[in-house]
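Note that the structure is predicted; figures quoted are calculated from it, not measured. Sequence lines set the chain letters: A, B, ... in the order given, protein chains first and strands last, and positions in each chain run from 1.
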Amino acid sequence: MKHARLFVLLAGLSLAAGVHAAAADQVHASHAWIRVLPGTLPAGGYVTLENRGDQPVALTGARSAAYAQVMLHHSSTQGGMSRMTMVESLPIPAHGTVVLAPGGYHLMLMQPGAAVSPGSEVKLQLQFEDGSSLPVDFIARPANALGDEAPSPAHSGH
Amino acid sequence: MKPLRFRPAALLVLLLAGMLLAGCHGATPLPFRLTNLTGHMPQLEFNLTSDEDKPVSAADYRGKVVLLFFGYTHCPDVCPLTMAQLHVVMKKLGAQADGARILFVSVDPARDTPAVLHGYVNAFDKHAIGLTGPSRAVEALVKRYRSAFTREPSSKDGNYEVSHSSAIYVFDRDGNPRVLYTPADKQDDLVHDLQLLLDQKEPT
(Lines give C-alpha, C1' and ligand atoms only; values in the text may rest on other atoms or scores of the structure.)
Protein backbone atom coordinates (compact mmCIF):
# COMPACT_ATOMS: atom_id res chain seq x y z
CA MET A 1 0.00 0.00 0.00
CA LYS A 2 1.36 3.32 -1.08
CA HIS A 3 -0.09 5.29 1.84
CA ALA A 4 1.09 2.85 4.50
CA ARG A 5 4.63 3.02 3.16
CA LEU A 6 4.56 6.81 3.18
CA PHE A 7 3.26 6.75 6.75
CA VAL A 8 6.10 4.48 7.88
CA LEU A 9 8.60 6.69 6.10
CA LEU A 10 7.24 9.86 7.71
CA ALA A 11 7.03 8.23 11.13
CA GLY A 12 10.62 7.08 10.78
CA LEU A 13 11.74 10.56 9.78
CA SER A 14 10.00 12.27 12.67
CA LEU A 15 11.38 9.67 15.08
CA ALA A 16 14.88 10.29 13.75
CA ALA A 17 14.35 14.03 14.13
CA GLY A 18 13.14 13.50 17.69
CA VAL A 19 16.16 11.48 18.67
CA HIS A 20 18.75 13.60 16.97
CA ALA A 21 17.23 17.09 17.51
CA ALA A 22 20.41 19.08 17.82
CA ALA A 23 20.55 21.93 20.31
CA ALA A 24 21.42 24.27 17.46
CA ASP A 25 18.15 23.38 15.70
CA GLN A 26 15.92 24.23 18.64
CA VAL A 27 17.63 27.44 19.77
CA HIS A 28 16.59 30.78 18.30
CA ALA A 29 19.07 33.65 18.61
CA SER A 30 18.13 37.35 18.58
CA HIS A 31 19.55 40.76 19.59
CA ALA A 32 23.07 39.58 18.79
CA TRP A 33 25.63 42.38 19.08
CA ILE A 34 29.25 43.10 19.87
CA ARG A 35 30.59 46.09 21.76
CA VAL A 36 33.65 47.06 19.73
CA LEU A 37 36.55 48.56 21.66
CA PRO A 38 39.48 50.38 20.05
CA GLY A 39 42.58 48.58 18.79
CA THR A 40 42.98 44.94 19.75
CA LEU A 41 41.17 45.18 23.10
CA PRO A 42 38.84 42.28 23.86
CA ALA A 43 35.18 42.89 23.02
CA GLY A 44 31.99 41.69 24.68
CA GLY A 45 29.43 39.68 22.68
CA TYR A 46 25.76 39.59 23.67
CA VAL A 47 22.75 37.61 22.46
CA THR A 48 19.31 36.42 23.56
CA LEU A 49 18.89 32.65 23.24
CA GLU A 50 15.45 31.08 23.23
CA ASN A 51 15.16 27.32 23.53
CA ARG A 52 12.05 26.35 21.55
CA GLY A 53 12.55 22.65 22.12
CA ASP A 54 11.28 20.20 24.72
CA GLN A 55 14.78 19.35 25.90
CA PRO A 56 17.17 21.52 27.91
CA VAL A 57 20.33 22.54 26.07
CA ALA A 58 23.58 24.16 27.19
CA LEU A 59 25.78 26.79 25.57
CA THR A 60 29.48 26.02 26.00
CA GLY A 61 31.09 28.80 23.98
CA ALA A 62 31.57 30.16 20.48
CA ARG A 63 34.03 30.37 17.63
CA SER A 64 34.59 33.03 15.05
CA ALA A 65 36.94 33.49 12.13
CA ALA A 66 37.19 37.17 13.16
CA TYR A 67 38.69 36.48 16.61
CA ALA A 68 41.52 34.18 17.71
CA GLN A 69 39.68 33.19 20.86
CA VAL A 70 36.15 33.40 22.24
CA MET A 71 35.33 32.60 25.86
CA LEU A 72 32.06 32.35 27.77
CA HIS A 73 32.25 34.53 30.87
CA HIS A 74 30.13 35.84 33.69
CA SER A 75 30.57 39.23 35.37
CA SER A 76 29.42 39.71 38.91
CA THR A 77 29.56 42.37 41.59
CA GLN A 78 29.92 41.15 45.14
CA GLY A 79 30.91 43.22 48.13
CA GLY A 80 31.47 46.18 45.82
CA MET A 81 34.00 44.26 43.70
CA SER A 82 33.52 43.45 40.02
CA ARG A 83 35.00 40.20 38.82
CA MET A 84 34.77 37.85 35.87
CA THR A 85 34.58 34.08 35.97
CA MET A 86 34.83 31.55 33.16
CA VAL A 87 31.70 29.59 32.42
CA GLU A 88 32.03 25.98 31.23
CA SER A 89 28.40 25.60 30.30
CA LEU A 90 25.32 27.79 30.42
CA PRO A 91 22.05 25.78 30.61
CA ILE A 92 18.99 26.96 28.67
CA PRO A 93 15.88 25.16 29.97
CA ALA A 94 13.29 23.67 27.61
CA HIS A 95 11.05 26.53 26.37
CA GLY A 96 13.24 28.91 28.35
CA THR A 97 15.28 31.99 27.44
CA VAL A 98 18.76 33.03 28.53
CA VAL A 99 20.02 36.54 27.94
CA LEU A 100 23.70 37.32 27.52
CA ALA A 101 23.78 41.02 28.41
CA PRO A 102 26.26 43.63 29.73
CA GLY A 103 27.06 43.09 33.40
CA GLY A 104 26.21 39.37 33.32
CA TYR A 105 26.86 36.47 30.95
CA HIS A 106 28.83 37.44 27.86
CA LEU A 107 31.17 36.16 25.21
CA MET A 108 34.67 37.59 25.52
CA LEU A 109 36.03 38.03 22.01
CA MET A 110 39.79 38.21 21.99
CA GLN A 111 42.46 39.18 19.46
CA PRO A 112 40.52 40.36 16.42
CA GLY A 113 42.26 39.32 13.19
CA ALA A 114 41.33 42.63 11.59
CA ALA A 115 39.74 45.77 12.99
CA VAL A 116 35.98 45.27 13.38
CA SER A 117 34.14 48.47 12.54
CA PRO A 118 30.81 49.45 14.10
CA GLY A 119 27.92 48.71 11.76
CA SER A 120 29.52 45.60 10.27
CA GLU A 121 28.35 42.05 10.96
CA VAL A 122 30.50 39.35 12.50
CA LYS A 123 29.58 35.69 12.20
CA LEU A 124 29.90 33.59 15.35
CA GLN A 125 29.33 29.87 15.65
CA LEU A 126 27.59 29.34 18.98
CA GLN A 127 28.56 25.95 20.37
CA PHE A 128 26.37 23.67 22.41
CA GLU A 129 27.12 20.81 24.76
CA ASP A 130 25.84 18.20 22.29
CA GLY A 131 28.46 19.28 19.76
CA SER A 132 26.06 21.15 17.49
CA SER A 133 26.73 24.75 16.50
CA LEU A 134 24.51 27.63 15.47
CA PRO A 135 25.78 30.34 13.11
CA VAL A 136 24.64 33.80 14.24
CA ASP A 137 25.40 37.23 12.76
CA PHE A 138 26.38 39.71 15.47
CA ILE A 139 26.07 43.40 14.69
CA ALA A 140 29.14 45.42 15.69
CA ARG A 141 28.18 48.44 17.79
CA PRO A 142 30.31 51.37 19.01
CA ALA A 143 32.00 51.27 22.44
CA ASN A 144 29.38 53.48 24.08
CA ALA A 145 26.36 51.54 22.79
CA LEU A 146 23.94 50.10 25.34
CA GLY A 147 22.29 47.48 23.15
CA ASP A 148 21.91 46.05 19.66
CA GLU A 149 19.93 49.01 18.34
CA ALA A 150 20.81 52.64 17.90
CA PRO A 151 18.69 54.90 20.14
CA SER A 152 15.62 56.28 18.41
CA PRO A 153 16.01 59.84 17.06
CA ALA A 154 13.54 61.13 19.68
CA HIS A 155 16.00 60.25 22.43
CA SER A 156 19.29 61.13 20.78
CA GLY A 157 18.96 64.89 21.11
CA HIS A 158 19.71 65.00 24.85
CA MET B 1 12.81 87.54 83.67
CA LYS B 2 15.21 89.56 81.63
CA PRO B 3 15.07 88.97 77.91
CA LEU B 4 17.96 86.88 76.65
CA ARG B 5 20.55 89.06 74.98
CA PHE B 6 23.60 88.14 72.98
CA ARG B 7 26.47 90.54 73.14
CA PRO B 8 27.75 91.43 69.69
CA ALA B 9 31.21 90.05 70.54
CA ALA B 10 29.79 86.67 71.50
CA LEU B 11 27.71 86.60 68.33
CA LEU B 12 30.80 87.31 66.26
CA VAL B 13 32.70 84.45 67.97
CA LEU B 14 29.79 82.11 67.24
CA LEU B 15 29.69 83.20 63.62
CA LEU B 16 33.43 82.73 63.22
CA ALA B 17 33.26 79.28 64.83
CA GLY B 18 30.47 78.35 62.45
CA MET B 19 32.47 79.51 59.45
CA LEU B 20 35.51 77.55 60.66
CA LEU B 21 33.44 74.41 61.04
CA ALA B 22 31.99 74.88 57.58
CA GLY B 23 35.55 75.36 56.34
CA CYS B 24 36.63 72.08 57.92
CA HIS B 25 33.96 70.19 56.06
CA GLY B 26 34.70 72.44 53.11
CA ALA B 27 31.33 71.82 51.56
CA THR B 28 27.83 73.25 51.59
CA PRO B 29 25.25 70.59 52.52
CA LEU B 30 23.19 69.53 49.51
CA PRO B 31 20.11 67.28 49.27
CA PHE B 32 21.88 64.31 47.65
CA ARG B 33 20.07 61.13 46.67
CA LEU B 34 23.16 58.90 46.52
CA THR B 35 25.32 57.83 49.47
CA ASN B 36 26.72 61.04 50.95
CA LEU B 37 30.51 61.00 51.35
CA THR B 38 30.83 64.61 52.53
CA GLY B 39 33.36 64.80 55.34
CA HIS B 40 34.01 61.05 55.32
CA MET B 41 36.91 60.83 52.91
CA PRO B 42 39.99 62.94 52.08
CA GLN B 43 40.17 65.46 49.26
CA LEU B 44 41.08 64.28 45.78
CA GLU B 45 44.84 63.95 45.46
CA PHE B 46 47.03 62.05 42.99
CA ASN B 47 50.03 62.31 40.70
CA LEU B 48 49.49 60.27 37.56
CA THR B 49 49.94 60.40 33.77
CA SER B 50 47.03 61.39 31.53
CA ASP B 51 46.03 59.62 28.31
CA GLU B 52 47.75 62.51 26.53
CA ASP B 53 51.00 61.35 28.17
CA LYS B 54 51.24 64.41 30.44
CA PRO B 55 51.88 64.37 34.18
CA VAL B 56 48.69 65.46 35.94
CA SER B 57 47.57 65.97 39.52
CA ALA B 58 44.23 66.54 41.23
CA ALA B 59 44.91 70.30 41.10
CA ASP B 60 44.49 70.16 37.31
CA TYR B 61 40.83 69.24 37.82
CA ARG B 62 39.92 71.75 40.53
CA GLY B 63 36.95 73.71 39.29
CA LYS B 64 35.46 70.59 37.68
CA VAL B 65 33.02 68.11 39.18
CA VAL B 66 35.00 64.84 39.04
CA LEU B 67 33.69 61.29 38.63
CA LEU B 68 36.48 58.93 39.71
CA PHE B 69 36.28 55.36 38.46
CA PHE B 70 38.78 52.48 38.66
CA GLY B 71 38.92 50.03 35.75
CA TYR B 72 41.09 48.61 32.97
CA THR B 73 40.82 48.49 29.21
CA HIS B 74 41.07 44.70 28.85
CA CYS B 75 37.84 44.41 30.82
CA PRO B 76 35.34 43.62 28.04
CA ASP B 77 32.08 43.78 29.94
CA VAL B 78 31.62 45.77 33.16
CA CYS B 79 34.03 48.69 32.53
CA PRO B 80 32.66 49.49 29.05
CA LEU B 81 29.13 49.18 30.41
CA THR B 82 29.91 51.69 33.17
CA MET B 83 31.60 54.03 30.70
CA ALA B 84 28.66 53.73 28.26
CA GLN B 85 26.27 54.52 31.11
CA LEU B 86 28.35 57.53 32.12
CA HIS B 87 28.16 58.71 28.51
CA VAL B 88 24.36 58.61 28.83
CA VAL B 89 24.61 60.56 32.10
CA MET B 90 26.76 63.21 30.39
CA LYS B 91 24.23 63.49 27.55
CA LYS B 92 21.44 63.95 30.11
CA LEU B 93 23.41 66.79 31.73
CA GLY B 94 23.53 68.59 28.39
CA ALA B 95 25.73 71.70 28.33
CA GLN B 96 26.33 71.35 32.10
CA ALA B 97 28.44 68.26 31.35
CA ASP B 98 31.29 70.56 30.30
CA GLY B 99 31.76 71.29 34.01
CA ALA B 100 32.35 67.58 34.72
CA ARG B 101 35.24 65.18 34.07
CA ILE B 102 35.20 61.38 34.16
CA LEU B 103 38.57 60.17 35.44
CA PHE B 104 39.10 56.54 34.42
CA VAL B 105 42.04 55.35 36.55
CA SER B 106 43.66 52.17 35.28
CA VAL B 107 44.20 49.39 37.81
CA ASP B 108 46.21 47.62 35.10
CA PRO B 109 49.03 50.11 34.43
CA ALA B 110 51.22 47.32 32.99
CA ARG B 111 48.99 47.06 29.90
CA ASP B 112 47.27 50.44 29.98
CA THR B 113 49.74 52.83 28.40
CA PRO B 114 48.60 56.43 27.83
CA ALA B 115 48.14 55.60 24.12
CA VAL B 116 45.86 52.60 24.82
CA LEU B 117 43.89 54.67 27.34
CA HIS B 118 43.56 57.57 24.91
CA GLY B 119 41.78 55.48 22.27
CA TYR B 120 39.70 53.83 24.95
CA VAL B 121 38.28 56.83 26.83
CA ASN B 122 37.62 58.79 23.66
CA ALA B 123 35.53 55.93 22.30
CA PHE B 124 33.07 56.63 25.13
CA ASP B 125 32.81 60.29 25.98
CA LYS B 126 34.64 63.55 25.32
CA HIS B 127 34.55 64.39 29.05
CA ALA B 128 36.49 61.23 29.92
CA ILE B 129 40.20 61.23 30.77
CA GLY B 130 42.30 58.11 31.21
CA LEU B 131 44.87 58.09 34.00
CA THR B 132 47.72 55.66 34.50
CA GLY B 133 51.11 55.66 36.21
CA PRO B 134 53.45 53.62 38.37
CA SER B 135 51.65 50.87 40.31
CA ARG B 136 52.54 52.61 43.57
CA ALA B 137 50.83 55.85 42.51
CA VAL B 138 47.68 53.97 41.42
CA GLU B 139 47.65 51.93 44.62
CA ALA B 140 47.98 55.09 46.71
CA LEU B 141 44.88 56.56 45.07
CA VAL B 142 42.93 53.30 45.40
CA LYS B 143 43.82 53.06 49.10
CA ARG B 144 43.00 56.72 49.71
CA TYR B 145 39.36 55.93 48.90
CA ARG B 146 39.39 52.54 50.65
CA SER B 147 38.91 50.90 47.29
CA ALA B 148 40.63 47.71 46.14
CA PHE B 149 41.77 45.68 43.15
CA THR B 150 43.31 42.26 42.65
CA ARG B 151 45.15 40.93 39.64
CA GLU B 152 43.82 37.45 38.94
CA PRO B 153 46.16 34.59 37.83
CA SER B 154 47.18 34.64 34.15
CA SER B 155 45.85 32.08 31.68
CA LYS B 156 48.15 30.03 29.41
CA ASP B 157 48.27 32.77 26.80
CA GLY B 158 49.32 35.34 29.39
CA ASN B 159 45.96 37.10 29.51
CA TYR B 160 44.62 38.04 32.91
CA GLU B 161 41.65 39.78 34.51
CA VAL B 162 41.66 42.38 37.27
CA SER B 163 38.91 42.29 39.88
CA HIS B 164 38.20 45.82 41.04
CA SER B 165 35.86 48.05 42.97
CA SER B 166 32.79 48.96 40.94
CA ALA B 167 31.93 52.24 42.70
CA ILE B 168 32.19 55.74 41.24
CA TYR B 169 33.38 58.52 43.57
CA VAL B 170 32.00 61.98 42.85
CA PHE B 171 33.95 65.09 43.91
CA ASP B 172 32.80 68.70 43.93
CA ARG B 173 34.62 71.55 42.18
CA ASP B 174 36.88 71.98 45.25
CA GLY B 175 37.99 68.34 45.17
CA ASN B 176 35.87 67.29 48.17
CA PRO B 177 34.36 63.79 48.00
CA ARG B 178 30.57 64.20 47.97
CA VAL B 179 28.68 61.10 46.81
CA LEU B 180 29.25 57.44 45.97
CA TYR B 181 27.50 55.78 43.02
CA THR B 182 27.31 51.98 42.82
CA PRO B 183 25.82 49.73 40.11
CA ALA B 184 22.80 49.21 42.42
CA ASP B 185 21.95 52.93 42.35
CA LYS B 186 19.58 54.65 39.94
CA GLN B 187 21.21 56.47 37.06
CA ASP B 188 18.81 59.40 37.44
CA ASP B 189 19.95 59.84 41.05
CA LEU B 190 23.49 60.28 39.77
CA VAL B 191 22.25 62.85 37.23
CA HIS B 192 20.35 64.63 40.03
CA ASP B 193 23.35 64.80 42.36
CA LEU B 194 25.69 65.87 39.57
CA GLN B 195 23.29 68.70 38.71
CA LEU B 196 23.39 69.87 42.34
CA LEU B 197 27.19 69.93 42.25
CA LEU B 198 27.35 71.53 38.81
CA ASP B 199 24.99 74.28 39.99
CA GLN B 200 27.59 75.24 42.61
CA LYS B 201 29.74 78.14 41.48
CA GLU B 202 33.31 77.51 40.43
CA PRO B 203 35.80 78.40 43.19
CA THR B 204 37.54 81.74 42.68
Under 3.5 Å donor-acceptor, B:Arg178 side chain and B:Gly175 backbone: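 Pair absent, no side-chain N/O of B:Arg178 close to backbone of B:Gly175.
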Please check: side-chain N/O of B:Asp174 versus main-chain N/O of B:Asn176, any donor-acceptor pairing under 3.5 Å?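 No, B:Asp174 side chain to B:Asn176 backbone: no donor-acceptor pair under 3.5 Å.
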Flag yes if more than 12 heavy atoms outside A:Gln55 fall under 6.0 Å of its CD atom; otherwise flag no.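 It does not: A:Gln55 CD has 12 such atoms or fewer within range.
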Heavy-atom proximity to chain A below 4.5 Å, by part of B:Phe149: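 For B:Phe149, backbone heavy atoms alone lie under 4.5 Å from chain A.
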What part of [X] gets closer than 4.5 Å to chain B, counting heavy atoms only: side chain, backbone, both or neither?
{"X": "A:Gln78", "answer": "neither"}
{"X": "A:Met86", "answer": "neither"}
{"X": "A:Pro102", "answer": "both"}

With chain B as the partner, which of [options] has the greatest number of non-hydrogen pairs under 4.5 Å?
{"options": "A:Leu37, A:Leu109, A:Val36, A:Thr40", "answer": "A:Leu37"}
{"options": "A:Gly39, A:Gly44, A:Ala143", "answer": "A:Ala143"}
{"options": "A:Met84, A:Met81, A:Met110, A:Met108", "answer": "A:Met81"}

For the candidates B:His164, B:His87, B:Glu161, which exhibits the highest count of non-hydrogen atom pairs separated by less than 4.5 Å from chain A?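 Ranked by contacts with chain A, first place is B:His164.
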So which of B:Thr182, B:Val116, B:Asn159 has the largest heavy-atom pair count under 4.5 angstrom toward chain A?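 Heavy-atom pair counts peak at B:Asn159.
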Could you point out which residue of A:Thr97, A:Val57, A:Ile92 forms a side chain to side chain contact (heavy atoms under 4.5 Å, CB included) with A:Leu49?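 When A:Thr97, A:Val57, A:Ile92 are each tested with A:Leu49, the side chain to side chain contact (heavy atoms under 4.5 Å, CB included) holds only for A:Ile92.
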Within the 3.5 Å criterion, strictly below it, is a donor on A:His95 or A:Asn51 matched to an acceptor on the partner's side chain?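 Side chains of A:His95 and A:Asn51: no pair found under 3.5 Å.
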For the rings on B:Tyr61 and B:Phe171, is their centre-to-centre separation under 6.0 Å?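 Ring centres of B:Phe171 and B:Tyr61 not closer than 6.0 Å.
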Establish, yes or no, whether the cationic atom of B:Arg111 lies under 6.0 Å from the six-membered ring centre of B:Tyr160 and within 45° of the ring axis.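 That pair qualifies as a cation-pi contact.
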